Amino acid sequence: MKITIVGGTGYVGLNTAVGLASKGHLVFCVGRTREKVERISRGIPIIYEDRLDEMLKSVLKKEKFIPTTDLTGSVQKSDVIFICVGTPSRQDGSIDLTQVEETAKKIGKALIGRKEYCVVTVKSTVIPGTTEKLVIPTLERFSKKMAGKNFGVCMNPEFLREGHAVKDFLFPKDQGIVVGEFDRKSGDVLYEIYKDFDAKILRTDLRAAEMIKYARNSYLAKDVSFANEISNICQEIGVDYLDVKRGMEMDSRIGTGRFLSAGVGFGGSCFPKDVKALVAKAKEIGTKPKMLKATLEVNDAQPSKLIELTKQVVGQFRGKKIGVLGLAFKPGTDDLREAPAIKVINGFLLEGAEVFAYDPKALDNARKIFGNKIVYVSNAEQAITSADACVIVTEWPEFADPRLYSKMRSKIIIDGRRVLDPELLPAGFTYHAIGFPRSIET
Ligand code: UDX
């Protein structure tokens, strides 16, 4: 098929565009700025994602992938048009649909001269009702055409995880594929695109597809906050949360709770934003989103648990040097959006600590946030060797290696992600952790 991706230089857009081109479709990857489109044409993704750069180069070479700023021309040549633009949060946490509306207007105008049927598909995360109440009326108004008659409409939420986006797009078995359709004809076109992917396809209505995205992310975020709440209780009653987690996972109704790892809380561009948007929507329609609000409250308070624990260990921060390992909101990405590390480091700085920070991928993005308030180092040892304490904030696999800590002067480790097994540490260390009731002297 010929496919247009609007918002093609962004996270969802680029991974979707490259993924579909690698499946043999001819993809017009529409970006807003010439600069970004030019960079992608040279095979350099705007975002860091494992394997994305090599795949981009391969689809460019096969001429299956056309980066462009020409939205109108692309839409007029395409069978399916995906809307993958950003839906950021407003101050009050509600969703900002400006980019979605602007894009629907532009696509509508581009459809004016078009005779053949095509399908416009929303892939951006949008609050339930958006496709029916905003996108379709806007498309119809600006195209002077009718949904269902001249063009079809679908809502196809993405479930890509940062750090695994390419794999999640190409092999969506674990997550499945959701196709919300305006009518059967619209859904059939999208089904054609996904039928050869080895995954279950759920066909449903537009609003349900929109809600599935929010329900999934809120469910997983709720699990993380539940784990953190239980872990905080464990800390106070002298129980190791990891023992409790193991006990919970034995119950097949819970299973290997992949989202039950306690620590400094969830971050990223999705969980916080999506739960906040759903809370705002729930309030708007007069329901009380108690669990969703609690999920955010527990999460907002979690970074201060790590700050407090560090203070208990090193005393007041003024004049202390703290080595922070991990800045990204999770391993495998360079992303610091809503990263717990921001609150943790600001907490240290506020009370006069000196912070030396290391992250395998996210230092450039950290510089945009902290400027010269902290010291950036190029490896973990430099951050911790002469520090009064080492604080682990992101569970990059390299931080699980006990040898990493051998040169530390203070030999004090505070683990905000339970990434390190204290039993493996050589003699003379003091290990503290979130959800761990005591310290271990090795
Ligand atoms: C998430 C969803 O997983 C994905 O399907 C959706 O499309 C986008 O949002 P992502 O934000 O990349 O993906 O991160 P994810 O791996 O889900 O982790 C989210 C946050 O929860 C991270 O900050 C992570 O550190 C935290 N987390 C996750 C925990 O603290 N404990 C856990 O057990 C699992």
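It should be emphasised that the depicted structure is a prediction, and the values quoted were computed from it without experimental measurement. Position 1 is the first residue of the sequence; numbering continues from there. The basis for the numbers below is simple: all heavy atoms, side chains too, and nothing from hydrogens, waters or symmetry mates.
For the residue pair Asn15/Glu158, the side-chain donor-acceptor check at 3.5 Å is not satisfied. Side chains of Thr333 and Glu49: a donor-acceptor N/O pair is absent below 3.5 angstrom, by distance only. Between Asp359 and Tyr376, the side chains place no donor N or O within less than 3.5 Å of an acceptor N or O (distance only, hydrogens not considered). Side chains of Asn365 and Lys368: a donor-acceptor N/O pair is present below 3.5 angstrom, by distance only. Between the side chains of Thr4 and Ser78, at least one donor N or O sits under 3.5 Å from an acceptor N or O. Side chains of Ser94 and Asp92: a donor on one and an acceptor on the other come within 3.5 Å.
Residues Gly263 and Asn228 approach most closely at N-OD1, 2.7 Å, considering heavy atoms.
Leu327 has its side chain out of reach of Val393: every pair of non-hydrogen atoms, C-beta onward, lies at least 4.5 Å apart.
Between Lys2 and Asp79 there is no salt bridge, since no side-chain N of the basic residue sits under 4.0 Å from a carboxylate O of the acidic one. Look at Glu338 and Lys273 and you find no salt bridge, because none of the NZ, NE, NH1 or NH2 atoms lies under 4.0 Å from a carboxylate O. Using a cut-off of 4.0 Å between Lys/Arg side-chain N and Asp/Glu carboxylate O, Glu63 and Lys61 are scored as not salt-bridged. Electrostatic pairing of Asp335 and Arg337 counts as a salt bridge here, judged by a charged N lying under 4.0 Å from a carboxylate O. Using a 4.0 Å cut-off between a side-chain N of Lys or Arg and a carboxylate O of Asp or Glu, Glu132 and Arg207 qualify as a salt bridge. Using a 4.0 Å cut-off between charged nitrogen and carboxylate oxygen, Glu181 and Arg203 count as a salt-bridge pair. Taking 4.0 Å as the cut-off between side-chain N and carboxylate O, Glu284 and Lys281 count as a salt-bridged pair. Checked for salt-bridge contact, Asp183 and Lys185 miss the test: no charged N lies under 4.0 Å from a carboxylate O. Using a cutoff of 4.0 Å between basic side-chain nitrogens and carboxylate oxygens, Lys245 and Glu249 are scored as salt-bridged.
For the pair Lys167 and Phe171, the NZ or CZ position fails the cation-pi test of under 6.0 Å to the six-membered ring centre and within 45 degrees of the ring normal. Cation-pi geometry between Lys361 and Tyr48 is met: the NZ or CZ atom falls under 6.0 Å from the ring centre, inside 45° of the normal. Seen from the ring of Phe197, Lys23 counts as a face-on cation partner, given the 6.0 Å and 45° thresholds. Seen from the ring of Tyr241, Arg418 does not count as a face-on cation partner, given the 6.0 Å and 45° thresholds.
Crowding of Tyr214 atom OH: a count of heavy atoms from other residues, nucleotides or ligands under 6.0 Å exceeding 12. For NZ of Lys105, the number of neighbouring non-hydrogen atoms (other residues, nucleotides, ligands) closer than 6.0 Å is greater than 12. By the neighbour-count criterion of 12 heavy atoms within 6.0 Å, atom CD of Glu35 is sparsely surrounded, having that number or fewer from other residues, nucleotides or ligands. When the shell of 6.0 Å around CZ of Arg32 is examined, it contains 12 or fewer heavy atoms from other residues, nucleotides or ligands. Counting non-hydrogen atoms of other residues, nucleotides and ligands closer than 6.0 Å to CZ of Arg258 gives a total of 12 or fewer.
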Worked check of side-chain hydrogen bond (donor to acceptor under 3.5 Å, both in side chains) between Thr68 and Asp70: CA-CA 5 Å; Thr68 176; Asp70 177 18; 5.0 Å; no
Passes side-chain hydrogen bond (donor to acceptor under 3.5 Å, both in side chains), Glu38 versus Thr33? Steps please. CA-CA 9 Å; Glu38 208 278 312; Thr33 68; over 6 Å; no
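Ring geometry, Phe399 versus Tyr358: the interplanar angle exceeds 60°, so the pair is classed perpendicular (tilted spans 30 to 60°).
Checking side-chain atoms of Glu140 against main-chain N and O of Met146 turns up no donor-acceptor pair under 3.5 Å. Lys57 contributes a side-chain N or O that, together with a main-chain N or O of Gly43, makes up a donor-acceptor pair within less than 3.5 Å.
Checked against side-chain hydrogen bond (donor to acceptor under 3.5 Å, both in side chains), Arg367 has the following partners two or more places apart in sequence or in another chain: Asp364.
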